[in-house]
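First the proteins, then the strands, lettered A, B, ... as listed; each starts at 1.
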2 protein chains.
Amino acid sequence: MTIADPQLTQLNSPPAQAGEDRAMTIRDHLRDAIVDRRLAPGTKLSEAEVGTLFDVSRTVVRAALQALAFEGLVKSERNRGAFVANPSPEEARQVFDSRRLIEPGIARAAAGRLSPSDIATFRTQLIEESRLLAERGALARRAEIRASGDFHLLLASIAGNVILHRFMEELVARSSLVIALYGNSGASSCGHNEHADILAALEAGDGERAAQLLVTHINHIEADLDLRQNTGLPLREALSR
Amino acid sequence: MTIADPQLTQLNSPPAQAGEDRAMTIRDHLRDAIVDRRLAPGTKLSEAEVGTLFDVSRTVVRAALQALAFEGLVKSERNRGAFVANPSPEEARQVFDSRRLIEPGIARAAAGRLSPSDIATFRTQLIEESRLLAERGALARRAEIRASGDFHLLLASIAGNVILHRFMEELVARSSLVIALYGNSGASSCGHNEHADILAALEAGDGERAAQLLVTHINHIEADLDLRQNTGLPLREALSR
DNA sequence: GGTCGCAATATTGCATACAATCTGGGCGAG
DNA sequence: CTCGCCCAGATTGTATGCAATATTGCGACC
């Protein structure tokens, strides 16, 4: 699989980026592509190729890839290169275990800090989710997964702890990857909108209830996955791509 | 402050490191130096200087510094360089808030997975802590802070979730930095050994009690800090170094 | 015919060179 | 004497070149 994806080159085209950090820009574009599954797990991210696509040297690409490796979205092997992460079922479970541990606390913190403007932002977010839910097509599914993640990130940003927010960024990104990998296309993203219920609890100032709804929500997301043990012998993973 | 610390150059001397990753080696040495407060917060980490000390090019130094920036131990400013992090009281609070959220869950998970060999490792760890606690001198204090952190990391590794373990590595490292910055030399590191109590609860299989003791323990650590608001106007931080 | 070994190729690891940007001091005008 | 501008030095950002390592295809030997 080549990564000569028109969407990538297109996003690259605005070279008028100010003196900003180009490595971080490339990191963001690659992350979007990974989370959207435009880049399949296991895909090799050649430094030279990525550099050509974004019209930068390998130096900058390496910085971007290192950043993604820290987030767990890319696996870097010495003298072999960087590959889009291919999380095992075990890793997937750990992602959701981590979220079940962290997100309730975030919900409780957010409940006590919710401002009217936050609520407005949430409402806009929920409308966007509904719109995407109704839409058909793989492209809408991608956007839906992403929007669903944004809800959780919004919650984390309201909680006001930048460390936890960053942890959640990583967990949400990895969740998207896992969902894309193991999600049953079937009952994807729960019939009735659990996000709305969570927001309702937050508005009522009931952080405890919001926390509980959040755990249930995470359970539903994980339950929709097919994490049966293809108890991957390491060589199997090679066959998978 | 220059970083020409003999302990750094000494650690550098074994250049016989196999084909391993030199950037990660440098990162580890720098992290140790930061956590031990051999490198004071705000100290500039010049790429050229670090490179000279470790006898590598700026390329690998940059990789190491980027890694530390991800962990929050180093703050990197574009076109200005990298500096040892100087966490504000607010950041310090967030570190401990995060620990209060995450560590109880880790304790519960660890309680159900504790093996006899784990217990033995814990005992060795506690003995080492006691030894350092009795010892005098700044050097012992450093080692004690570090050993105290190792206890928590050991707990996290037993919990068996590598993602949470990595989060804890970051939180413990930042905690050490915060303690070094804001710790009252006075009642430092609690009179009676709370770690031992936590271990006892774990051995008894009482994860809930271990979790509660852990929260109390974290509260004690934070209570020993002096986080009074020098409500840092950003310009103040410049004055501090 | 199959397997092992070796060489050619490609890719990463690292160092260095050059360009861009920031910092600090000196000089001149007000 | 003070304020502001400008230039020189220093430091980071980026590109490129070379060395080291892994991969792949071919050929020889069993």
Rounded distance in Å - [atom1] ([X]) to [atom2] ([N]):
X       : N      : atom1 : atom2 : value
B/Phe54 : C/dC14 : CZ    : C1'   : 17 Å
B/Phe83 : D/dT12 : CZ    : P     : 8 Å
A/Arg22 : D/dG13 : CZ    : C1'   : 8 Å
A/Arg62 : C/dC14 : CZ    : C1'   : 8 Å
A/Glu47 : D/dG17 : CD    : P     : 16 Å
B/Asp21 : C/dG13 : CG    : P     : 8 Å

Where B/Val60 and B/Ala23 come nearest, the two heavy atoms and their spacing
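Heavy atoms only, the tightest pair is O-CB, 3.8 Å.
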Give me the distances for all protein-to-nucleotides 22-24 of chain D N/O pairs that come in under 3.5 Å?
unit_1: D/dT23; atom_1: OP1; unit_2: A/Arg80; atom_2: NH1; d: 2.6

Taking for each residue the nucleotide of DNA chain C with the nearest heavy atom, is it B/Val56 or A/Gly81 whose nucleotide lies nearer the 5' end?
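Taking each residue's closest nucleotide, the earlier one in sequence belongs to A/Gly81.
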A side-chain contact here means heavy atoms from C-beta on lying under 4.5 Å apart; do A/Tyr182 and A/Asp224 qualify?
no
4.5 Å side-chain heavy-atom contact, B/Glu129 and B/Gln125:
yes
From C/dT12, C/dC14, D/dT14, pick the nucleotide closest to the side chain of A/Ser57?
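Nucleotide nearest to A/Ser57's side chain: D/dT14.
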If you measure from the Lys or Arg side-chain nitrogens to the Asp or Glu carboxylate oxygens, is any gap between A/Glu135 and A/Arg141 under 4.0 Å?
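Looking at A/Arg141 together with A/Glu135, the answer is no, because their closest N to O distance does not fall below 4.0 Å.
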